[in-house]
Undergrad: 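Starting off with a structure, shown below.
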There are 2 protein chains.
Amino acid sequence: MTESVQAASRQEQKGRTRQAILAAALELTQHQGFAQISLRQVARHAGIVPTAFYRHFDSMDELGLALVEQSFSTLRRMIREAQRDPKVFDNIIDAAADVLVEAVKHSKAHFAFVARERVGGSEAVRRAIRHELDLFVSELAVVLARLPNIETWSTEDVQMVSRLFVRNMVSNAEEVVEMPDGRPDLEERIKEGARRQMRLIVVGFKDWRS
Amino acid sequence: MTESVQAASRQEQKGRTRQAILAAALELTQHQGFAQISLRQVARHAGIVPTAFYRHFDSMDELGLALVEQSFSTLRRMIREAQRDPKVFDNIIDAAADVLVEAVKHSKAHFAFVARERVGGSEAVRRAIRHELDLFVSELAVVLARLPNIETWSTEDVQMVSRLFVRNMVSNAEEVVEMPDGRPDLEERIKEGARRQMRLIVVGFKDWRS
DNA sequence: ACTTTGAGTGTACGCACGTTCACTGAATCG
DNA sequence: CGATTCAGTGAACGTGCGTACACTCAAAGT
């Protein structure tokens, strides 16, 4: 920690410790809820003394909010990247299912944190996650509103179907999170399930009236 | 507690204390996760001394499992009653939305517990809830399989759509749980949303091919 | 070259926790 | 009616917790 050859500037080092705290909390959160991990556990895992924690966060609650932010910025980046992929336009459903499973697999820890704390966390953390997810629903609604069968729908209906998609995304993410490692068969199963669910919803689009 | 006019038989009294413990835990769980309430808190709320807790449950984990059981038996009873209502056959969607909101409102605490601990609870509690929900999916699949457009579907497809329904039921239940009291407008909004979602899915039924 | 700053240290505190143990006294049993 | 059972008591323990406070000592600022 202290024997780096290049002298670490003060703020570089601080940033690194901050990341260590976030990583420690994220790892501990995989096996128990965020609310039941202690400041001292986090500090121990991050390789610092308990009191040093306060140099970075005023409280565990603030650490939780920082984790929410980190998780969603990861997710947003992935979706932005996925939107550049041309195959999204050809087959939006299969692409979405792929992206979902891949994204969750890639940063399982963040998804697990969000899935868990969305309902089980402290008031503040729960509100933050809820807010981020609401943003997501609105963003998706904008995309959906441009699809062929939907452009004539009312705003409310589009929001509703957007919620339906996000909701199922969350549920599927939960499933992937709980999936044991090294079971590609289960993964494919979840992906196929997600695909079917989305197709079923989409099939309903063209016969929908108010 | 001790001045009841009629002498309480020993097991009656024990049962009453057990219920007091369950009720205490359920109430405490409304404002924080089950994993972060302590044996001593529960005992205090139930009006007994901490050590007396062990006369009823070996551990907090067993208490949690008992709460899962209690919650689902409540839910099952409600659904069984609802199935007797003739209007279910006329308009299964509106009836389902009504039943959902009413059931959750009636025993909000149990639903809140399940919604929360389904993802945030201890390993054992989570597994128990997951198992109960899986049972639900299978039961619903049997009902769905008899519907007009569905009778020709593969078993897998029926299971999938059943999961879709249960999943959305859980999500809607979560929303009702988080709903502040005395806001019938919000309640109607959620009910309407649930109705639309189900209709959308059902509309997709008749154009579905494997 | 000096002072200042501030990330990380180490000790110490009071508190709530789970669990142990020996107990009490009323309901139940023979 | 005496003996037994057992739900609930109350004191005591060891532990981990959050946080306070005074500290060190190298990088950053002058």
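Proteins come first, then strands; the chains are lettered A, B, ... in the order of their sequence lines, and each starts at number 1. Keep in mind that this is a model prediction, so the values were computed, not measured.
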Undergrad: So how far is it from A:R196 CZ to A:K191 NZ, rounded to the nearest 0.5 Å?
TA: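 Between atom CZ of A:R196 and atom NZ of A:K191 there are 15.0 Å.
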Undergrad: Using whole Å, what does the distance between atom C1' of nucleotide C:dG8 and atom CZ of A:F57 come to?
TA: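 Rounded to the whole Å, the gap is 15 Å.
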Undergrad: Taking 4.0 angstrom as the limit, do A:R118 and A:E132 come out as a salt bridge?
TA: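 A salt bridge is absent here (no side-chain N lies under 4.0 Å from a carboxylate O).
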Undergrad: Could you tell me how far apart A:L39 (CG) and C:dA16 (P) are, to the nearest whole angstrom?
TA: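 Answer to the nearest Å: 18 Å.
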Undergrad: Give, ordered by number, those residues of residues 19-38 of chain B having at least one heavy-atom distance below 4.0 Å to an atom of DNA chain C; if nothing qualifies, reply none.
TA: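 Nucleic-acid contacts, sorted: B:S38.
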Undergrad: Between A:R189 and A:E192, is there a side-chain N and carboxylate O pair less than 4.0 Å apart?
TA: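 Not counted as a salt bridge, because no side-chain N and carboxylate O are separated by less than 4.0 Å.
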Undergrad: Are B:Y54 and B:L39 close enough that some pair of their side-chain heavy atoms sits under 4.5 Å apart?
TA: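 When only atoms from C-beta onward are counted, B:L39 and B:Y54 do touch, with a gap below 4.5 Å.
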Undergrad: Are B:Q13 and B:R16 linked by a side-chain donor-acceptor pair shorter than 3.5 Å?
TA: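 Yes, B:R16 and B:Q13 have a side-chain donor paired with an acceptor closer than 3.5 Å.
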Undergrad: Within this structure, what is the CD1-to-P distance between B:I48 and C:dG18, rounded to whole angstrom?
TA: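 Result: 13 Å.
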Undergrad: Calculate the interatomic distance between A:L63 atom CG and D:dG18 atom P; express it in whole Å.
TA: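 Between P of D:dG18 and CG of A:L63: 12 Å.
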Undergrad: Can you find a heavy atom in the side chain of A:R167 that is under 4.5 Å from one in the side chain of B:Q197?
TA: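 Yes - at least one pair of side-chain heavy atoms lies under 4.5 Å apart.
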Undergrad: Got a salt bridge between A:E187 and A:R183, using NZ or NE/NH1/NH2 to carboxylate O under 4.0 Å?
TA: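 Salt bridge: no.
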Undergrad: Between B:R55 and B:M60, which residue's closest nucleotide on DNA chain C lies nearer the 5′ terminus?
TA: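 Nearest nucleotide further toward 5': that of B:M60.
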Undergrad: Find every protein N or O atom lying less than 3.5 Å from an N or O atom of nucleotides 28-30 of chain D, and list the pairs.
TA:
residue, atom, partner, partner atom, Å
D:dA28, OP1, A:R10, N, 3.1

Undergrad: Rounded to whole angstrom units, what separation is found between the NE2 atom of B:H56 and the C1' atom of C:dG18?
TA: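 Interatomic distance, NE2 of B:H56 to C1' of C:dG18: 17 Å.
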Undergrad: Of the options D:dG8, C:dG8, D:dT19, whose atoms approach the side-chain atoms of B:A52 most closely?
TA: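 Output: D:dG8.
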Undergrad: Using only atom types and a distance under 3.5 Å, with no angle test, would you say the side chain of A:E12 pairs donor to acceptor with the backbone of A:S9?
TA: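 Judged by distance alone, yes, a pair lies under 3.5 Å.
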Undergrad: Output the rounded distance in Å from CD (B:E12) to P (D:dA7).
TA: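 About 15 Å, once rounded to whole Å.
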Undergrad: Rounded to whole angstroms, how far apart are OH on A:Y54 and C1' on D:dA22?
TA: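 Rounded to whole Å, this separation is 17 Å.
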Undergrad: OP1 or OP2 of C:dG10 less than 4.0 angstrom from a side-chain nitrogen or oxygen of A:T51, does that happen here?
TA: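 Checking A:T51 against C:dG10: no side-chain N or O falls below 4.0 Å of OP1 or OP2.
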Undergrad: Could you please name the option among C:dG8, D:dT19, D:dA7 that lies closest to any side-chain atom of B:K14?
TA: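 Of C:dG8, D:dT19, D:dA7, D:dA7 is nearest to the side chain of B:K14.
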Undergrad: Could you state the interatomic distance from CG (B:L63) to CD1 (B:I21), rounded to the nearest 0.5 Å?
TA: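 Between atom CG of B:L63 and atom CD1 of B:I21 there are 6.5 Å.
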Undergrad: Does A:R44 reach a base, just sugar-phosphate, or nothing at all? Heavy atoms under 4.0 Å.
TA: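 Sugar-phosphate contact only - A:R44 comes under 4.0 Å of backbone atoms but never of a base.
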Undergrad: Could you state the CD-P distance from B:Q13 to D:dT9, rounded to the nearest angstrom?
TA: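 Atom-to-atom, B:Q13 to D:dT9, this comes out as 10 Å.
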Undergrad: Can you identify which nucleotide, out of C:dT9, D:dC17, D:dA12, has its nearest atom closest to the A:R40 side chain?
TA: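 Nearest to the side chain of A:R40 among the choices is D:dC17.
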